[in-house]
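Quick notes on the structure that follows.
A quick note: this is a predicted structure, and the numbers were derived from the prediction, not measured. If you read the sequence from its start, that first residue is 1, and numbering goes on from there. In listed order, ligands and their atoms are each counted from 1.
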Amino acid sequence: MIFVVSGPSGGGKSTLIKHLLTALPGLEFSVSHTTRAARPEEVNGRDYYFISRQEFQEMKAAGAFAESATVHGELYGTSFQEIKNKSEGKDLILDIDVQGARQIKDKLGQASLIFIVPPSFSELKKRLKQRKSDSPEAITIRLQNARKEILESDLFDYLVINGELARAVDELRSIIVAHRCQFKERRKEFKEILKSFKD
Ligand code: ADP
Ligand code: 5GP
């Protein structure tokens with residue numbers, strides 16, 4: 001199953017996903033391509049594939065992206081190759097913006113969409129400033145976009161409010177675990193159990 005996580009920048013998506021990946025086996029992170037510059041702590045191939053605008057345009061023209069969008073003035077996209085490589089026998093989690101979430105829902109109807117919000121706009125502002133990864137101008141753009149993004153949240157299946165971190169991680173984990181417990185996801189396992197009842 002594909003899980004799409006979206007929400008305003010600074011709301012805590014990367015933090016939650018990082019915690020989730022250590023808390024839940026069988027889950028892979030989809031590494032996006034982007035034209036934005038790497039932050040000091042970011043590693044190419046782990047956090048993003050950092051590429052030039054020209055490389056991005058060439059990939060897009062070749063139909064390499066399952067979804068792509070311009071976010072805060074930079075290009076971002078999820079490649080079909082990444083989905084194929086990482087989703088084999090695993091659940092896959094995508095950290096993408098609302099435009100990308102919409103494209104994934106349209107193309108791959110099966111995806112589950114999760115919206116992450118901070119408890120308030122002022123808390124979002126505080127977190128973006130504390131993160132120290134964006135210039136004041138970039139923070140202003142991210143906050144403006146946040147006001148628009150939140151209005152598109154009705155596209156999503158689930159809402160996680162990232163107030164207390166441990167609780168939000170637990171909610172996110174529960175969404176994925178509940179999905180895995182659906183009958184239709186467990187047919188193979190159940191068949192074996194049924195067989196044992198007949199033996
Ligand atoms: P996003 O990936 O959505 O842009 P981040 O995960 O980078 O957001 O989080 C933005 C900032 O907020 C980071 O400095 C992070 O450490 C902090 N943060 C995330 N979740 C919480 C939380 N529940 N409480 C307090 N600070 C948080
Ligand atoms: P950041 O630059 O802070 O890492 O991410 C900025 C925004 O881009 C976030 O909202 C993030 O979810 C989104 N983003 C990251 N990767 C992708 C992607 O592959 N596609 C789309 N549509 N958005 C992405």
Side-chain angles (χ1 to χ4, degrees), residues 2-21 29-51 55-56 59-60 64-83 86 92-108 111 113-135 137-150 152-153 155-156 160-172:
I2 290 184
F3 294 92
V4 173
V5 168
S6 300
S9 175
K13 299 180 297 296
S14 323
T15 307
L16 288 174
I17 290 172
K18 232 168 255 167
H19 281 82
L20 187 68
L21 289 169
F29 177 64
S30 164
V31 179
S32 297
H33 286 74
T34 185
T35 60
R36 129 163 124 59
R39 295 175 184 146
E41 72 287 1
E42 286 179 330
V43 176
N44 187 37
R46 184 193 69 186
D47 300 290
Y48 280 105
Y49 301 110
F50 296 99
I51 56 172
E55 285 170 311
F56 195 101
M59 281 182 73
K60 191 166 177 188
F65 291 120
E67 64 75 32
S68 65
T70 302
V71 190
H72 320 308
E74 297 290 345
L75 305 173
Y76 294 82
T78 306
S79 70
F80 282 111
Q81 191 66 48
E82 181 72 6
I83 294 180
K86 299 269 182 82
L92 186 64
I93 194 154
L94 274 59
D95 173 350
I96 63 177
D97 88 315
V98 174
Q99 307 166 70
R102 196 179 294 280
Q103 292 171 41
I104 292 287
K105 188 156 194 168
D106 290 346
K107 280 194 202 162
L108 320 170
L113 271 53
I114 307 165
F115 199 70
I116 312 267
V117 281
S120 66
F121 187 77
S122 60
E123 177 66 21
L124 181 67
K125 213 167 168 177
K126 198 172 115 195
R127 287 184 190 172
L128 278 171
K129 280 186 187 156
Q130 271 173 358
R131 188 169 70 180
K132 294 194 171 77
S133 60
D134 302 288
S135 64
E137 296 75 31
I139 290 181
T140 304
I141 295 175
R142 282 165 192 257
L143 287 170
Q144 280 168 354
N145 287 342
R147 291 196 200 272
K148 290 182 208 148
E149 280 162 345
I150 204 148
E152 295 194 59
S153 50
L155 169 75
F156 290 79
V160 171
I161 301 166
N162 183 20
E164 191 213 333
L165 184 64
R167 185 175 168 184
V169 173
D170 189 46
E171 286 185 1
L172 195 50

_Atom indices of ligand 1 within 4.0 angstrom of K13 heavy atoms, with elements_ = 1 (P), 2 (O), 3 (O), 4 (O), 6 (O), 8 (O)
_So if I count the atoms of ligand 1 from 1 in the order they appear, which ones are less than 4.0 Å from some heavy atom of G11?_
3 (O), 8 (O)
*Closest non-hydrogen protein atom to atom 10 (C) of ligand 1, residue and atom name please, with distance?*
G10 O, 3.4 Å
*What residue and atom, counting heavy atoms only, is the protein's closest point to atom 15 (C) of ligand 1, and at what distance?*
T15 OG1, 3.6 Å
*Near P8, which atoms of ligand 1 are under 4.0 Å from a heavy atom of that residue?*
3 (O)
*Criterion side chain to side chain contact (heavy atoms under 4.5 Å, CB included) against L94, the qualifying member of I17, I104, V5*: I104
*Mark up the atoms of ligand 1 that fall under 4.0 Å of a heavy atom belonging to G163, in ascending order.*
22 (C), 23 (N), 24 (N)
*Can you tell me which residue and heavy atom of the protein come closest to atom 8 (O) of ligand 1, and the distance to 0.1 Å?*
G12 N, 3.1 Å
*asked:* Tell me whether Q81 contacts the main-chain N or O of A64 through its side chain, where contact means a donor paired with an acceptor under 3.5 Å.
replied: no
*Return yes if some donor-acceptor pair links the side-chain N/O of N162 with the main-chain N/O of A168 below 3.5 Å, else return no.*
no
*Let me see the working for F50 and E42 under side chain to side chain contact (heavy atoms under 4.5 Å, CB included), right down to the final yes or no.*
CA-CA 10 Å; F50 296 99; E42 286 179 330; 3.4 Å; yes
*Considering only heavy atoms of S9, which atoms of ligand 1 have at least one such atom less than 4.0 Å away?*
4 (O)
*Step by step, work out the side chain to side chain contact (heavy atoms under 4.5 Å, CB included) result for N145 and K148.*
CA-CA 5 Å; N145 287 342; K148 290 182 208 148; 3.8 Å; yes
*Among all protein heavy atoms, pick out the one at the shortest distance from atom 20 (N) of ligand 1; state its residue, atom name and that distance to 0.1 Å.*
N162 ND2, 3.0 Å
*N/O of E123 under 3.5 Å from N/O of ligand 1, yes or no?*
no
*Pair S32, T34: side-chain N/O donor-acceptor within cut-off below 3.5 Å*: no
*Identify, with sequence neighbours excluded, every residue that meets ring pair (Phe, Tyr, Trp, His ring centres under 6.0 Å) alongside F156.*
F115
*Residue list, ring pair (Phe, Tyr, Trp, His ring centres under 6.0 Å) with Y49, at least two apart or on another chain*: H33
*Side chains of Y76 and D97: closer than 4.5 Å at any heavy-atom pair?*
no
_Going by the rule side chain to side chain donor-acceptor pair (under 3.5 Å), which residues pair with Q144 if we only count those two or more places apart in sequence or in a different chain?_
none
*Could K86 and E82 be called an ion pair, given the rule that one side-chain N must be under 4.0 Å from one carboxylate O?*
yes
*Please indicate whether any nitrogen or oxygen in S14 is less than 3.5 Å from any nitrogen or oxygen in ligand 1.*
yes
_Backbone or side-chain N or O of E164 under 3.5 Å from ligand 1 N or O_ = no
*Applying a heavy-atom distance cut-off of 4.0 Å, which protein residues contact ligand 2?*
K13, S32, R36, R39, Y48, E67, A69, V71, H72, Y76, G77, T78, D95, I96, D97, G100, R142
*Is there a donor-acceptor pair closer than 3.5 Å between any side-chain N or O of D47 and the backbone N or O of V43?*
yes
*Among protein heavy atoms, which sits nearest to atom 14 (O) of ligand 1, and what does the distance come to when rounded to 0.1 Å?*
R131 CB, 3.6 Å
*asked:* Please evaluate residues I114 and F3 with respect to the criterion side chain to side chain contact (heavy atoms under 4.5 Å, CB included), reporting the C-alpha separation (whole Å), side-chain torsions for both, the decisive distance (0.1 Å), and the verdict.
replied: CA-CA 7 Å; I114 307 165; F3 294 92; 4.1 Å; yes
_Regarding ligand 1, does R127 bring an N or O atom to under 3.5 Å of one of the ligand's N or O atoms?_
yes
